[in-house]
2 protein chains.
Amino acid sequence: MTDAKAGATEDPREIGTGVVDLLGVLAYGELSAFDRLAEDARTAPTLAGRAALASMAAAEMGHYGLLERYLDERGVGVEEAMRPFMRHIDAFQESTAPRSWLESLVKAYVVDNLAADLYRELAEVLDDETRELVTTVLADTGHSAFAQREVAAAIENDTPVRDRLALWSRRLLGEALTQAQYVVAESDGLAELIVAGTGDLSGIAALFRKLQQQHTKRMQALGLG
Amino acid sequence: MTDAKAGATEDPREIGTGVVDLLGVLAYGELSAFDRLAEDARTAPTLAGRAALASMAAAEMGHYGLLERYLDERGVGVEEAMRPFMRHIDAFQESTAPRSWLESLVKAYVVDNLAADLYRELAEVLDDETRELVTTVLADTGHSAFAQREVAAAIENDTPVRDRLALWSRRLLGEALTQAQYVVAESDGLAELIVAGTGDLSGIAALFRKLQQQHTKRMQALGLG
């Protein structure tokens with residue numbers, strides 16, 4: 001399957017347009033997550049929480065740097081790769097601006113895990129090098145465990161908070177999938193990657209259903225199901 | 001001179017209160033710089049500038065992590081070490097909130113270099129391990145060269161902008177030295193470190209004069225003298 005990468009060129013050392021788009025989405029996702037986490041750090045209720053979120057934001061930029069170098073080595077500017085997807089990712093961030101520390105944490109948890117699920121689905125159509133890069137970039141930076149701990153402590157014995165956060169997590173999923181559809185519509189290369197990964201033309205709808213199911217399971221595990 | 005560290009305890013593996021305070025100031029300075037740079041990244045006029053500032057913010061958190069670990073290995077919580085100095089550093093940031101991208105860059109340049117000068121003055125009274133840590137933490141992350149380039153391009157052939165930024169850099173120095181005096185007044189250990197480093201009781205005033213002179217030279221080199 002590793003030869004199936006969309007837009008593969010004659011020179012195997014070059015990079016297909018689907019892969020460029022995938023890495024572009026990922027890079028702008030990291031830069032955007034940096035912003036989100038840095039802003040959330042400011043609203044942290046404790047100095048420890050502030051430092052924890054700032055460190056997680058810093059880890060996103062470490063990943064951004066890896067993507068930038070990888071693209072650069074293949075003659076692609078990271079800005080050029082990110083640009084087509086900026087408005088969709090910005091739109092997602094604007095439509096889901098957290099109103100509290102707990103909403104911030106749930107958002108980071110939901111988005112990080114959705115991204116990880118999505119790239120896991122695509123991993124088998126990527127060439128080895130790109131797959132390794134994506135795996136590194138999406139490796140958990142300890143953020144999930146932190147968010148899980150804080151959220152679990154907050155919703156224990158507090159049904160109204162739990163209900164509000166459960167609604168919030170469903171809204172996040174809806175907005176994320178909406179913008180993800182726009183992103184795929186923007187990029188033939190990405191659409192081809194997904195079709196190659198899932199094997200047929202109904203692949204995109206099936207992929208989104210699968211992401212939705214994994215999200216639901218995760219929210220149940222978190223106590224927000 | 002390495003035995004002169006203020007508040008040194010009987011156990012040489014322990015850490016003096018002057019050193020704890022120095023590292024506490026430095027750690028909160030990094031966390032605070034992270035905030036400042038992350039916020040400035042948002043106002044960057046280009047995507048490249050935004051990514052550059054976000055990466056510099058991330059580097060600050062890398063340094064923060066080193067300081068946290070060093071203190072932790074010596075039984076000192078980083079939060080506890082930072083807490084006495086938070087309000088002075090916060091007061092500095094609030095009184096010098098940049099109103100433009102260029103003001104942000106000049107601020108980062110001035111503050112980073114002042115901090116580096118200050119710690120260079122103290123380096124010889126620190127034990128080897130602490131000195132190495134401080135040197136690493138204050139190593140230039142490429143920020144200065146970036147700021148220099150951007151500022152030089154902006155003030156070339158633009159006297160009004162140059163004059164405004166020159167005034168701004170003088171205000172930054174004044175505010176920084178004012179808050180630095182409060183920080184030293186807060187910590188007997190730090191005051192002792194400075195006296196040990198400079199050799200006499202007039203050391204603090206002499207140190208501040210020296211910082212001022214180095215700042216003036218640097219501003220001249222930048223074209224803001």
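Every chain is numbered from 1, with letters handed out A, B, ... down the list of sequences.
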Taking donor and acceptor roles from the modelled atom types, list the N and O pairs under 3.5 Å across chain A and chain B.
from	atom 1	to	atom 2	distance (Å)
A:Y28	OH	B:R50	NH1	2.9
A:Y28	OH	B:R50	NH2	3.4
A:D35	OD2	B:R50	NH2	3.4
A:E39	OE1	B:R42	NH1	2.5
A:R42	NH1	B:E39	OE1	2.4
A:R50	NH1	B:Y28	OH	2.9
A:R50	NH2	B:Y28	OH	3.4
A:R50	NH2	B:D35	OD2	3.3

Choice from B:G77, B:A27, B:A41, B:A38 maximising heavy atom contacts with chain A below 4.5 Å: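 Going by pairs under 4.5 Å, I would pick B:A38.
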
Could you tell me which non-hydrogen atom of B:A54 sits nearest to which non-hydrogen atom of A:L31, and how far apart they are?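 Nearest pair, atom of B:A54 first, then A:L31: CB-CD1, 4.0 Å.
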
Can you see which heavy atom on A:M61 is nearest to which on B:A51, and at what distance?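 Nearest pair, atom of A:M61 first, then B:A51: CE-O, 3.8 Å.
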
Could you list the residues that satisfy ring pair (Phe, Tyr, Trp, His ring centres under 6.0 Å) with A:F34, not counting sequence neighbours?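 Checked A:F34 against ring pair (Phe, Tyr, Trp, His ring centres under 6.0 Å); matches are B:F34.
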
For B:A191, what residues pass the side chain to side chain contact (heavy atoms under 4.5 Å, CB included) criterion, not counting sequence neighbours?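 Partners of B:A191 by the side chain to side chain contact (heavy atoms under 4.5 Å, CB included) criterion, ordered by chain and then number, come out as B:V184, B:I204.
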
Going by the rule side chain to side chain contact (heavy atoms under 4.5 Å, CB included), which residues pair with B:A176 if we only count those two or more places apart in sequence or in a different chain?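 Side chain to side chain contact (heavy atoms under 4.5 Å, CB included) list for B:A176, sorted by chain: B:F92, B:L114.
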
